[in-house]
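Throughout, residue positions are numbered sequentially from 1 according to the sequence presented. Please read all numbers here as calculations on a predicted model, not as lab measurements.
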Amino acid sequence: MRPKLMRLREEGRFDEMRTLGAAPDVVVGSVHAVTEDGRLLTASGSGSQLGAYSFGAGRTFWVIGSQKIVPDLDTALRRIETYAYPREDARARQAYGTPALLSKILIIDREMFPDRGTVVLVRESIGF
């Protein structure tokens, strides 16, 4: 789906991008922090993945590096603002020549539908 979304973006067809990405059958991604009590936090500039993460996708799979586990919600928010965002900003500037945005944060506390979400914790540092 990513190549099609990028093509639509290049063509300025943002409404089509939004509707295509809103309700996939399956979404695979990651998060920026996991609290010890199981909350998942994902930061985004556009929010494009947040709808699918929170409800739109039929199934969600998050592959998460163990370095993202933090004690509590305050630490998770601080991790996003002081660790993950600055690294994403540097990556975006190099890849696209433009700064990243930190405009939305999704906090998933629990899942309403059984077996909809799966977390895979990897015992190595992946992502930021």
Side-chain angles (χ1 to χ4, degrees):
M1 185 184 299
R2 183 176 295 274
K4 184 170 186 174
L5 288 172
M6 292 300 102
R7 189 171 53 254
L8 291 172
R9 179 180 179 171
E10 290 170 4
E11 295 170 4
R13 296 164 56 188
F14 302 115
D15 278 344
E16 290 175 64
M17 277 182 67
R18 182 180 47 77
T19 57
L20 180 64
D25 292 332
V26 175
V27 66
V28 178
S30 193
V31 299
H32 295 99
V34 179
T35 64
E36 289 178 355
D37 65 357
R39 292 180 184 158
L40 306 175
L41 285 81
T42 303
S44 180
S46 67
S48 61
Q49 76 276 40
L50 302 184
Y53 278 17
S54 67
F55 181 76
R59 293 287 316 263
T60 55
F61 294 89
W62 294 286
V63 181
I64 305 167
S66 59
Q67 85 279 8
K68 297 178 182 183
I69 300 171
V70 297
D72 54 37
L73 188 57
D74 287 339
T75 308
L77 292 168
R78 191 168 44 257
R79 183 182 194 286
I80 288 170
E81 293 172 355
T82 64
Y83 183 81
Y85 171 70
R87 282 157 182 77
E88 174 58 19
D89 183 57
R91 187 198 69 78
R93 287 174 189 271
Q94 183 174 5
Y96 311 121
T98 184
L101 295 173
L102 175 55
S103 55
K104 298 172 175 86
I105 298 174
L106 173 66
I107 301 172
I108 298 175
D109 188 40
R110 65 183 57 88
E111 181 54 57
M112 174 177 197
F113 304 105
D115 300 323
R116 183 183 167 272
T118 300
V119 171
V120 178
L121 284 173
V122 179
R123 289 184 179 171
E124 61 184 71
S125 181
I126 58 172
F128 40 81

Answer whether the closest heavy-atom distance between the side chains of V34 and I64 falls below 4.5 Å.
yes
Here the gap from I126 atom CD1 to S30 atom OG, rounded to the nearest 0.5 Å, amounts to 6.0 Å
Any side-chain donor near an acceptor of the partner, Q49 and S44, under 3.5 Å
yes
Among the clusters formed by ILVMFWY side chains lying less than 4.5 Å apart, do L101 and I105 turn up in the same one?
no
Counting heavy atoms not belonging to D109, are there more than 12 under 6.0 Å from its CG?
yes
For R79, which residues count as a salt bridge (charged side-chain N to carboxylate O under 4.0 Å, His left out) partner, sequence neighbours excluded?
none
In Å, rounded to the nearest 0.5 Å, how long is the span from NZ of K68 to CG of L121?
10.5 Å
Tell me which pairs pass ring-ring contact (aromatic ring centres under 6.0 Å, His included) where either residue lies in residues 4-28, with sequence neighbours left out.
none
Sorted by chain and residue number, the salt bridge (charged side-chain N to carboxylate O under 4.0 Å, His left out) partners of R91 (sequence neighbours excluded) come out as E88
Look at D89 together with R93 and state whether they make a salt bridge at an N to O cut-off of under 4.0 Å.
yes
Drop me the distance from I108's CD1 to T60's OG1, to the nearest 0.5 angstrom.
6.5 Å
Supply the members, apart from F128, of the Ile/Leu/Val/Met/Phe/Trp/Tyr cluster built from side-chain contacts under 4.5 Å; use none for a lone residue.
Y83
Do the side chain of T82 and the main chain of R78 share a donor and acceptor less than 3.5 angstrom apart?
yes
Is there a donor-acceptor pair closer than 3.5 Å between any side-chain N or O of E124 and the backbone N or O of G65?
no
Quick one: salt bridge (charged side-chain N to carboxylate O under 4.0 Å, His left out) partners of D15, sequence neighbours excluded?
R18
As an exercise, state the distance from CZ of R116 to CD of E111, rounded to the nearest 0.5 Å.
4.5 Å
To the closest 0.5 Å, what do you measure between CG (L40) and OG1 (T35)?
7.5 Å
Looking at residues at least two apart in the chain, or sitting in another chain, which of them share a side chain to side chain contact (heavy atoms under 4.5 Å, CB included) with S54?
L106
Step by step, work out the side-chain contact (heavy atoms from CB on, under 4.5 Å) result for E81 and L102.
CA-CA 8 Å; E81 293 172 355; L102 175 55; 4.1 Å; yes
Do any N or O atoms from the side chain of H32 and from the backbone of A43 form a donor-acceptor pair under 3.5 angstrom?
yes
Sequence neighbours excluded, the answer for side chain to side chain donor-acceptor pair (under 3.5 Å) partners of E16 is R13
For E10, all residues meeting side chain to side chain donor-acceptor pair (under 3.5 Å), sequence neighbours excluded:
none
Kindly indicate whether the side chain of R59, heavy atoms from C-beta on, has any atom under 4.5 Å from the side chain of V27.
no
Does any non-hydrogen side-chain atom of V26 lie less than 4.5 Å from one of F61?
yes
Heavy atoms of P99 and A92 approach each other most closely as C-CB, 4.4 Å
Tell me whether D115 at atom CG has more than 12 heavy atoms from other residues, nucleotides or ligands lying less than 6.0 Å away.
no
Tell me which pairs pass side-chain hydrogen bond (donor to acceptor under 3.5 Å, both in side chains) where either residue lies in residues 95-104, with sequence neighbours left out.
none
Tell me every residue that passes side chain to side chain contact (heavy atoms under 4.5 Å, CB included) with Q94, counting only those two or more places apart in sequence or in another chain.
none
Results of ring-ring contact (aromatic ring centres under 6.0 Å, His included) for Y53 - residues two or more places apart only
W62
Going by the rule side chain to side chain contact (heavy atoms under 4.5 Å, CB included), which residues pair with L73 if we only count those two or more places apart in sequence or in a different chain?
R39, L41, L77, I107
